[in-house]
Amino acid sequence: MKQRVFALVDVNNCYVSCERVFDPKLHQRPVVVLSNNDGCVVSRSKEAKALGIKMAVPLFQIQHLIRQHHVAVLSSNYALYAEMSRRFMNILADFVGPNEQEIYSIDECFLELTDHQHRENLSSYARQILKTVQTWLGLPCCIGIGYSKTQAKMANHLAKTHAAFDGVCNMVDEDPCVIEGLLAHTDVGEVWGVGRKLQKRLEQMQICSVMDLVEADDKRLGQHFSVMLENTVRELRGISCIELEHQVPDKQHIISSRSFGQPVKDLQNLSEALTQFTQRAVERLYAQRLLCKSIGVSIRTNRFQDAEYFHSYTIVHLRDYTDNLLEINKAVQYGLKCIFKVGHSYKKAGITLLDVIPRQQYVPDLFFDAQSTIKNQKLLDILIQINKEHGKDRIVLAPLTNKQPRPWKMNQAHKSPSYLTQWADVLRVQ
DNA sequence: TCTGGGGTCCTAGGACCC
DNA sequence: TCTGGGGTCCTAGGACCC
């Protein structure tokens with residue numbers, strides 16, 4: 001049997017790179033992109049990293065650096081990144097077969113190259129991929145190649161951190177001594193599946209570098225920790241244990257939650273916010289042809305103010321599986337009334353659609369109302385279509401038509417235009 | 001003053017059954 | 001004082017990922 005070969009392709013500093021495609025002024029200078037509500041840094045250019053700006057650091061903690069070094073600061077523009085991601089994945093799909101691609105995240109993609117080993121040189125094939133993405137899309141990437149997904153991930157990390165690789169690290173063809181030398185100097189925490197807690201516990205056992213983990217007793221680690229870590233060690237040795245998932249699995253739950261721009265004290269505003277989150281979640285549920293049977297509702301104050309921290313959560317069960325927006329929102333509002341307590345300054349709220357199944361798996365019971373289900377489907381179809389054509393939130397549920405100021409709306413002070421998803425924002429060439 | 005959001009998987013422990 | 005054993009299912013919470 002042929003030994004399997006995997007690649008991991010990812011976009012360098014993805015969100016910053018997407019912004020740079022449309023705004024040349026962002027090149028050669030430090031740039032950061034912020035999380036929702038302009039809270040934390042989630043993407044940094046290499047110049048921003050060089051200034052010591054860490055991942056996930058709150059914006060207010062680096063204001064001095066931003067002023068001093070004229071760092072460009074941008075709010076997240078997820079519509080833009082999602083569209084760039086779609087194009088990126090399409091380019092990669094052209095290089096491999098339909099069952100040889102796994103879209104792992106917005107900026108990462110595994111490719112199975114097992115049937116491409118006949119190629120004279122996998123590294124030059126990888127370079128061809130990089131060049132195509134760069135030319136067609138303007139996005140810089142790195143590629144790691146290995147005998148397992150974990151090896152490919154590790155190779156990708158090496159490609160990113162060692163300039164000599166020039167974007168492609170091929171663990172399959174590279175001199176093993178070179179790779180082992182690098183892994184001996186790479187922290188065990190860089191391994192896919194080893195997070196902060198696990199790293200600490202491994203270090204207590206003198207397993208500090210990736211090479212230490214490769215040489216560790218996998219069975220013993222399996223008993224001491226979990227089967228996942230045992231598999232990780234085997235994968236690092238080049239034994240493929242984790243399958244490529246070329247089909248996107250159905251979601252098990254759908255979350256929609258947000259921090260508020262300003263704290264909210266009253267039920268009316270919480271109700272409006274949750275109505276909007278519900279609409280977002282149900283649109284996703286509907287798009288994926290799923291149904292849900294229960295809904296989690298949660299509200300919380302600022303978790304960084306420990307003394308007054310308050311959070312509350314409840315689950316509302318529905319009579320039957322549904323994707324009916326009105327029915328689901330009714331349940332959410334009921335849940336909210338159950339958990340709401342006067343006197344708190346709420347900073348975040350959210351809903352989770354639970355007990356989710358694919359629509360075609362649903363078996364109607366005696367009380368199933370086909371007429372109203374079809375009516376609801378038509379209603380949602382139209383609602384989604386209109387919002388798609390005439391702008392997000394053109395049609396909303398009644399509580400959201402209130403024109404009062406919305407303290408719960410998230411801060412987005414530095415958002416770039418919707419270059420790829422709104423006609424009015426398409427770039428003009430003078 | 002200001003600290004993201006959306007997921008998955010595994011494990012432990014309790015309830016329940018025969 | 002002493003109180004079976006083995007199995008399944010469910011849930012909450014932790015850890016991890018991007």
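Side chains included, hydrogens not; waters and symmetry mates left out as well; all remaining heavy atoms used.
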Check residues 125-145 of chain A and write down every donor-acceptor pair under 3.5 Å in which the side-chain atom is one partner and the other belongs to a residue at least two apart or another chain.
from: A/Tyr125; atom 1: OH; to: A/Phe95; atom 2: O; distance (Å): 2.5
from: A/Arg127; atom 1: NH1; to: A/Asp166; atom 2: O; distance (Å): 2.8
from: A/Arg127; atom 1: NH2; to: A/Phe165; atom 2: O; distance (Å): 3.1
from: A/Thr132; atom 1: OG1; to: A/Gln128; atom 2: O; distance (Å): 2.7
from: A/Thr135; atom 1: OG1; to: A/Lys131; atom 2: O; distance (Å): 2.6

Without placing hydrogens or testing angles, list every side-chain donor-acceptor pair under 3.5 Å for residues 71-83 of chain A, not counting sequence neighbours.
from: A/Ser75; atom 1: OG; to: A/Asp38; atom 2: OD1; distance (Å): 2.8
from: A/Ser75; atom 1: OG; to: A/Asp38; atom 2: OD2; distance (Å): 3.4
from: A/Ser75; atom 1: OG; to: A/Ala413; atom 2: N; distance (Å): 3.4
from: A/Ser75; atom 1: OG; to: A/His414; atom 2: N; distance (Å): 2.8
from: A/Ser76; atom 1: OG; to: A/Leu34; atom 2: O; distance (Å): 2.3
from: A/Asn77; atom 1: OD1; to: A/Leu80; atom 2: N; distance (Å): 3.4
from: A/Asn77; atom 1: ND2; to: A/Ser416; atom 2: O; distance (Å): 3.0
from: A/Asn77; atom 1: ND2; to: A/Ser416; atom 2: OG; distance (Å): 3.0
from: A/Asn77; atom 1: ND2; to: A/Pro417; atom 2: O; distance (Å): 3.0
from: A/Tyr81; atom 1: OH; to: A/Glu19; atom 2: OE2; distance (Å): 2.6
from: A/Tyr81; atom 1: OH; to: A/Asn77; atom 2: N; distance (Å): 3.2
from: A/Glu83; atom 1: OE1; to: A/Arg86; atom 2: NE; distance (Å): 3.1
from: A/Glu83; atom 1: OE2; to: A/Arg86; atom 2: NH2; distance (Å): 2.8
from: A/Glu83; atom 1: OE2; to: A/Arg87; atom 2: NE; distance (Å): 2.8
from: A/Glu83; atom 1: OE2; to: A/Arg87; atom 2: NH2; distance (Å): 3.2

Throw together a table of side-chain donor-acceptor distances under 3.5 angstrom for residues 239-255 of chain A, partners on residues two or more places apart or in other chains.
from: A/Glu243; atom 1: OE1; to: A/Arg4; atom 2: NH2; distance (Å): 3.2
from: A/Glu243; atom 1: OE2; to: A/Arg4; atom 2: NH1; distance (Å): 2.5

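Put simply, the side chain of A/Val214 does not reach to within 4.5 Å of the side chain of A/Val233, judged on heavy atoms.
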Measure all distances between protein nitrogen or oxygen atoms and nitrogen or oxygen atoms of nucleotides 2-7 of chain B, and list the pairs falling under 3.5 Å.
from: B/dT3; atom 1: OP1; to: A/Lys347; atom 2: NZ; distance (Å): 2.9
from: B/dG4; atom 1: OP2; to: A/Arg303; atom 2: NH2; distance (Å): 2.7
from: B/dG4; atom 1: O4'; to: A/Ser35; atom 2: OG; distance (Å): 2.9
from: B/dG5; atom 1: OP1; to: A/Ser259; atom 2: N; distance (Å): 2.3
from: B/dG5; atom 1: OP2; to: A/Ser259; atom 2: OG; distance (Å): 3.1
from: B/dG5; atom 1: OP2; to: A/Lys348; atom 2: NZ; distance (Å): 3.1
from: B/dG5; atom 1: O3'; to: A/Arg258; atom 2: NH1; distance (Å): 3.1
from: B/dG6; atom 1: OP1; to: A/Arg258; atom 2: NH1; distance (Å): 3.3
from: B/dG6; atom 1: OP2; to: A/Ser257; atom 2: N; distance (Å): 2.7
from: B/dG6; atom 1: OP2; to: A/Ser257; atom 2: O; distance (Å): 3.2
from: B/dG6; atom 1: OP2; to: A/Ser257; atom 2: OG; distance (Å): 2.9
from: B/dG7; atom 1: OP1; to: A/Arg284; atom 2: NH2; distance (Å): 2.5
from: B/dG7; atom 1: OP2; to: A/Ile255; atom 2: N; distance (Å): 2.7
from: B/dG7; atom 1: OP2; to: A/Arg284; atom 2: NH2; distance (Å): 3.3

Base versus backbone protein contacts along nucleotides 12-18 of chain C [heavy-atom cut-off under 4.0 Å; B, S, -]: ---SSSS
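Under the 4.0 Å criterion applied to side-chain N and carboxylate O atoms, A/Lys153 and A/Glu108 are assigned as salt-bridge partners.
The same atom, C1', is picked in C/dG4 and in B/dC16; the two are 16 Å apart, to the nearest Å.
Rounding to the nearest 0.5 Å gives a distance of 14.5 Å between CZ of A/Phe310 and CG of A/Asn302.
Within residues 205-226 of chain A, no residue has any heavy atom closer than 4.0 Å to DNA chain C.
Evaluation of the side chain to side chain donor-acceptor pair (under 3.5 Å) test over residues 43-65 of chain A, restricted to residues two or more places apart or in two chains, returns A/Asn13-A/Lys49, A/Arg20-A/Glu47, A/Ser45-A/Glu47. Counting only residues at least two apart or in different chains, ring-ring contact (aromatic ring centres under 6.0 Å, His included) contacts with residues 188-242 of chain A comprise A/Tyr104-A/Trp192, A/Phe110-A/Trp192.
A/Glu272 and A/Gln276 form no side-chain donor-acceptor contact under 3.5 Å, judged by distance and modelled atom types alone.
For A/Glu203, the side-chain contact (heavy atoms from CB on, under 4.5 Å) criterion is met by A/Gln199, A/Cys208, not counting sequence neighbours. Every residue two or more places apart in sequence or in another chain that forms a side-chain contact (heavy atoms from CB on, under 4.5 Å) with A/Cys40 is listed here: A/Ser35. Among residues two or more places apart in sequence or in another chain, the ring-ring contact (aromatic ring centres under 6.0 Å, His included) test is passed with A/Phe340 by A/Tyr346.
In DNA chain B, the stems built from three or more successive Watson-Crick or G-U pairs (distances below 3.5 Å) are B:5-18 with C:5-18.
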